[in-house]
S.K.: 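Structure in structure tokens, see below.
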Amino acid sequence: MNSIVIVLALAVVLLTLVAIAALVMVVRHTGVSRRKGPSPEQVAAAEAEVNEELEQARRQAEEIRGQAERDAGEIVKRSESVAESAALMRKEVEEEGRLLKSEVKELRSDLERRESRLVEREQRLDEEARRQADRARKLAETETELADRRVELDQVADNRKKILERVAGLTAEQAKSELVKDIENQAKREAALIVREIESEARKEGEKRACKIVTLAVQRVATEQTTESVVSVLHLPGDDMKGRIIGREGRNIRAFESTTGVNLIIDDTPEAVLLSCFDPVRRETARLTLDRLVLDGRIHPQRIEEAYERSKAEVRDLCVRAGEDALVELGITEMHPELIMLLGQLRYRTSYGQNVLKHLIESAHLAGIMAAELRIDRDLVKRCALLHDIGKALTHEVEGSHALIGAEIARRYGEHEDVVHAIEAHHNEVEVRTVEAVLTQAADAISGSRPGARRESLEAYVKRLERLEEIAQSYDGVEKVFAMQAGREIRVMVRPEAVDDIQAQVIARDVAKQVEEELIYPGQIRITVVRESRATEFAR
């Protein structure tokens with residue numbers, strides 16, 4: 001509105017200025033005419049000129065007024081639009097103000113509520129703190145009372161202990177040991193009863209079936225056993241051959257021993273020499289070499305080397321043939337040639353005087369028969385039993401037990417994992433996990449423990465029997481002990497008035513456990529505890 005007023009004022013001023021200018025010009029013309037006395041033409045021309053200028057001034061004033069009115073209209077329109085937008089903005093501002101006021105009111109009420117809750121919480125905390133303080137004070141008083149009572153109870157216990165020791169005539173340690181011993185005996189009796197009840201049915205059926213399987217296997221396998229030695233004897237056609245074997249200044253015998261690696265023993269035995277070596281294959285090669293030299297009659301270092309090479313090739317062929325014969329006998333096929341070679345080498349290896357290859361063949365037969373009774377894979381079990389001692393062919397060349405060595409060899413040459421496990425577990429160096437491994441252990445034990453299969457040192461045998469009797473004799477209530485059946489059974493006679501039936505079972509179990517922990521033996525040892533009561537009267 002202010003801009004409109006300003007424009008109108010400017011238009012009025014312009015019109016006023018135009019009128020003033022016209023008046024000035026009229027005055028000037030009038031003055032000139034008064035001074036000079038203008039002519040009427042000049043006056044008319046001046047009036048016409050003034051009228052024309054006035055007309056131009058009016059036109060300009062009209063144009064200015066029209067332009068001012070137009071500008072004023074536009075300004076009015078803009079002012080109206082600005083007023084409308086200002087009104088809208090004022091409404092929005094007022095609305096936002098109302099919203100802000102409501103929010104502030106809500107926040108204020110929320111703050112008031114929170115303050116009230118905080119005040120209540122502080123009051124509760126103060127009350128809880130007072131209660132905790134009261135409780136702590138009461139606990140302290142209770143602890144003090146308990147400590148006093150504990151001291152009193154300790155004194156009463158000490159007095160009671162002294163009274164009991166004086167009345168019983170035993171110290172606390174002695175009474176404790178007696179009580180522990182009684183509890184231990186009672187626990188053993190109860191455990192024996194429970195085990196006895198649980199195992200009775202299983203033992204009857206298991207022993208019956210196991211005895212049947214093992215008996216059938218042993219009866220069906222009739223393998224001859226020959227005790228072998230680590231010394232080979234070669235018979236000579238005459239004693240004069242000994243001198244030729246020795247040679248000039250011992251040249252031949254030194255060449256023979258250095259070439260073959262076998263000790264050649266020449267003593268007073270008529271028409272015979274001895275060959276001694278820890279390696280049976282090398283000893284057999286030396287025996288064949290010396291046999292060839294004796295038959296040929298020409299004995300010198302070069303000839304010894306030639307005969308040794310030929311004998312070595314012959315022994316290699318014999319080993320392969322022996323391994324193949326074992327596979328044919330057992331019906332086993334598809335085995336690595338190196339394993340066949342190692343099997344054949346076991347033909348010249350002995351264990352406690354028992355030929356190892358014959359032991360493996362016998363074990364395979366036994367395992368196959370037991371596998372057939374149990375309806376499992378016979379060929380796999382035979383393979384496990386045949387290869388379980390394969391590591392003995394290399395025990396003097398490789399460090400470690402023959403079971404682990406044999407398992408590594410079998411794994412290297414592509415044998416089944418069950419076969420490898422049976423080999424490494426047949427002496428319990430690895431925990432047994434398969435039935436095949438159990439049957440391999442059983443067949444090995446049966447073949448090695450049969451009477452006459454193996455021989456032991458007499459001194460070790462006697463010491464083992466004495467130790468078996470000492471172990472059984474060390475238990476309370478035992479009257480007599482007899483080691484029977486070459487140390488494979490112990491019969492323990494107990495006093496019936498000192499040992500009852502349950503205690504007899506406990507003694508048998510304890511003796512078996514102690515024997516397992518202290519002694520090393522092939523197969524198994526049976527412990528039989530005999531408790532016999534007799535009543536005798538005479539009729540007169």
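In this chain, residues are counted from 1 in sequence order. Bear in mind that the values here come from a model prediction, so they are computed numbers and not experimental data.
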S.K.: Closest approach of S363 and A443, non-hydrogen atoms and distance?
M.R.: O-CB, 3.3 Å
S.K.: Could you check whether E284 pairs with R287 (Lys NZ or Arg NE/NH1/NH2 to Asp/Glu carboxylate O, under 4.0 Å)?
M.R.: yes
S.K.: With sequence neighbours excluded, what pairs up with D379 under the side-chain hydrogen bond (donor to acceptor under 3.5 Å, both in side chains) test?
M.R.: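 D379 satisfies side-chain hydrogen bond (donor to acceptor under 3.5 Å, both in side chains) with no other residue.
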S.K.: With distance as the sole criterion, is a donor-acceptor pair present between the side chains of Q514 and Y475 under 3.5 Å?
M.R.: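 Side chains of Q514 and Y475: pair found under 3.5 Å.
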S.K.: Could you check whether atom CZ of R412 has more than 12 heavy atoms from other residues, nucleotides or ligands sitting under 6.0 Å from it?
M.R.: yes
S.K.: Once you round to the nearest 0.5 Å, how far does CG of L387 lie from CG of L343?
M.R.: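 With rounding to 0.5 Å, CG (L387) is 5.5 Å from CG (L343).
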S.K.: Would you say that V492 contacts V494 through its side chain, given a criterion of any heavy-atom pair below 4.5 Å between the two side chains?
M.R.: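 Yes, at least one pair of side-chain atoms sits under 4.5 Å.
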S.K.: I'd like to know if E516 and K513 make a salt bridge, using a cut-off of under 4.0 Å between side-chain N and carboxylate O.
M.R.: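 So E516 does not pair with K513 through a salt bridge.
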S.K.: Are E436 and R383 within salt-bridge range, i.e. N to O under 4.0 Å?
M.R.: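 Judged by the 4.0 Å cut-off on N to carboxylate O distance, E436 and R383 do not form a salt bridge.
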S.K.: Identify the residue among E305, E306, E314, E309 that makes a salt bridge (charged side-chain N to carboxylate O under 4.0 Å, His left out) with R292.
M.R.: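 The passing option is E314.
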S.K.: Does H388 form a side-chain contact (heavy atoms from CB on, under 4.5 Å) with D444? I'd like the steps, not just the answer.
M.R.: CA-CA 9 Å; H388 78 271; D444 181 28; 3.4 Å; yes
S.K.: Anything under 3.5 Å between a donor and an acceptor, one on a side chain of residues 317-340, the other on a protein residue two or more places apart or in another chain? List them.
M.R.:
{"from": "E329", "atom 1": "OE2", "to": "H365", "atom 2": "NE2", "distance (Å)": "3.3"}
{"from": "H336", "atom 1": "ND1", "to": "E338", "atom 2": "N", "distance (Å)": "3.1"}

S.K.: Evaluate side-chain contact (heavy atoms from CB on, under 4.5 Å) for T285 paired with T260, printing each intermediate quantity in order.
M.R.: CA-CA 8 Å; T285 305; T260 61; over 6 Å; no
S.K.: Would you check if H416 and V419 make a side-chain contact, meaning some heavy-atom pair closer than 4.5 Å?
M.R.: yes
S.K.: Within this structure, what is the CG-SG distance for the pair D418 and C384, rounded to the nearest 0.5 Å?
M.R.: 6.5 Å
S.K.: Which atoms form the tightest heavy-atom contact between S311 and L288, and what is the distance?
M.R.: OG-C, 3.5 Å
S.K.: Going by heavy atoms in the side chains, are R491 and V481 under 4.5 Å from each other?
M.R.: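 They are not in contact (no side-chain heavy atoms under 4.5 Å apart), so the answer is no.
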S.K.: Would a distance-only check, ignoring hydrogens and angles, find a side-chain to backbone donor-acceptor pair under 3.5 Å from R495 to E479?
M.R.: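 No, because the side chain of R495 does not come within donor-acceptor range (under 3.5 Å) of the backbone of E479.
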S.K.: Walk me through it: do V478 and V499 pass the test side-chain contact (heavy atoms from CB on, under 4.5 Å)?
M.R.: CA-CA 8 Å; V478 176; V499 178; over 6 Å; no
S.K.: Do you know which two heavy atoms are closest between A425 and Q441, and how far apart they sit?
M.R.: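 Shortest heavy-atom contact: O-NE2, 2.7 Å.
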S.K.: For the residue pair D476 and Q503, confirm or rule out a side-chain donor-acceptor distance under 3.5 Å.
M.R.: no
S.K.: Mind checking whether R467 and L519 have side chains closer than 4.5 Å, heavy atoms only?
M.R.: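 A side-chain contact under 4.5 Å exists here.
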S.K.: Does R298 have any side-chain hydrogen bond (donor to acceptor under 3.5 Å, both in side chains) partners at least two apart in sequence or in another chain, and if so, which?
M.R.: D296
S.K.: Do you know which of L439, I376, V381 makes side chain to side chain contact (heavy atoms under 4.5 Å, CB included) with M370?
M.R.: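 When L439, I376, V381 are each tested with M370, the side chain to side chain contact (heavy atoms under 4.5 Å, CB included) holds only for L439.
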S.K.: Measure the spacing between CD of E152 and CG of D154 and express it to the nearest 0.5 Å.
M.R.: 10.0 Å
S.K.: Around atom CD of E431, are there more than 12 heavy atoms of other residues, nucleotides or ligands at under 6.0 Å?
M.R.: no
S.K.: My understanding is that only residues two or more places apart in sequence, or in another chain, count here; which of them pass ring pair (Phe, Tyr, Trp, His ring centres under 6.0 Å) with H427?
M.R.: H402
S.K.: Ignoring hydrogens, what is the shortest heavy-atom contact between A255 and S258? Give both atom names and the distance.
M.R.: O-OG, 3.0 Å
S.K.: For T434, check side-chain hydrogen bond (donor to acceptor under 3.5 Å, both in side chains) against everything at least two apart and list the hits.
M.R.: none
S.K.: Give me the atom names and distance for the closest heavy-atom approach of A508 to V529.
M.R.: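 The pair with the smallest heavy-atom distance is CB-CG2, 3.6 Å.
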S.K.: In Å, rounded to the nearest 0.5 Å, how long is the span from CD1 of I246 to CG of N252?
M.R.: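 Going from the CD1 atom of I246 to the CG atom of N252 covers 9.5 Å.
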S.K.: Tell me, do I265 and V273 make a side-chain contact under 4.5 Å, heavy atoms counted?
M.R.: no
S.K.: Excluding sequence neighbours, so at least two apart, what forms side-chain hydrogen bond (donor to acceptor under 3.5 Å, both in side chains) with E257?
M.R.: none
S.K.: Look up atom CD in E469 and atom NZ in K480, then write down how far apart they are to the nearest 0.5 Å.
M.R.: 12.5 Å
S.K.: Does any non-hydrogen side-chain atom of I299 lie less than 4.5 Å from one of M241?
M.R.: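 Yes, close enough: below the 4.5 Å cut-off.
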S.K.: Between T289 and F256, is the side-chain contact (heavy atoms from CB on, under 4.5 Å) condition met? List the steps.
M.R.: CA-CA 9 Å; T289 301; F256 181 85; 4.0 Å; yes
S.K.: For K242 and A272, work out which heavy atoms get closest and say how close.
M.R.: CE-O, 3.5 Å
S.K.: Do I266 and I245 come within less than 4.5 Å of each other through their side chains, counting heavy atoms only?
M.R.: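 Yes - at least one pair of side-chain heavy atoms lies under 4.5 Å apart.
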S.K.: First locate atom CZ of R282, then atom NZ of K312, and finally report the distance between them rounded to the nearest 0.5 Å.
M.R.: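 It is 10.5 Å, given to the nearest 0.5 Å.
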S.K.: Does R254 form a salt bridge (Lys or Arg N to Asp or Glu O under 4.0 Å) with E249? I'd like the steps, not just the answer.
M.R.: CA-CA 10 Å; R254 287 196 300 271; E249 298 179 355; 5.6 Å; no
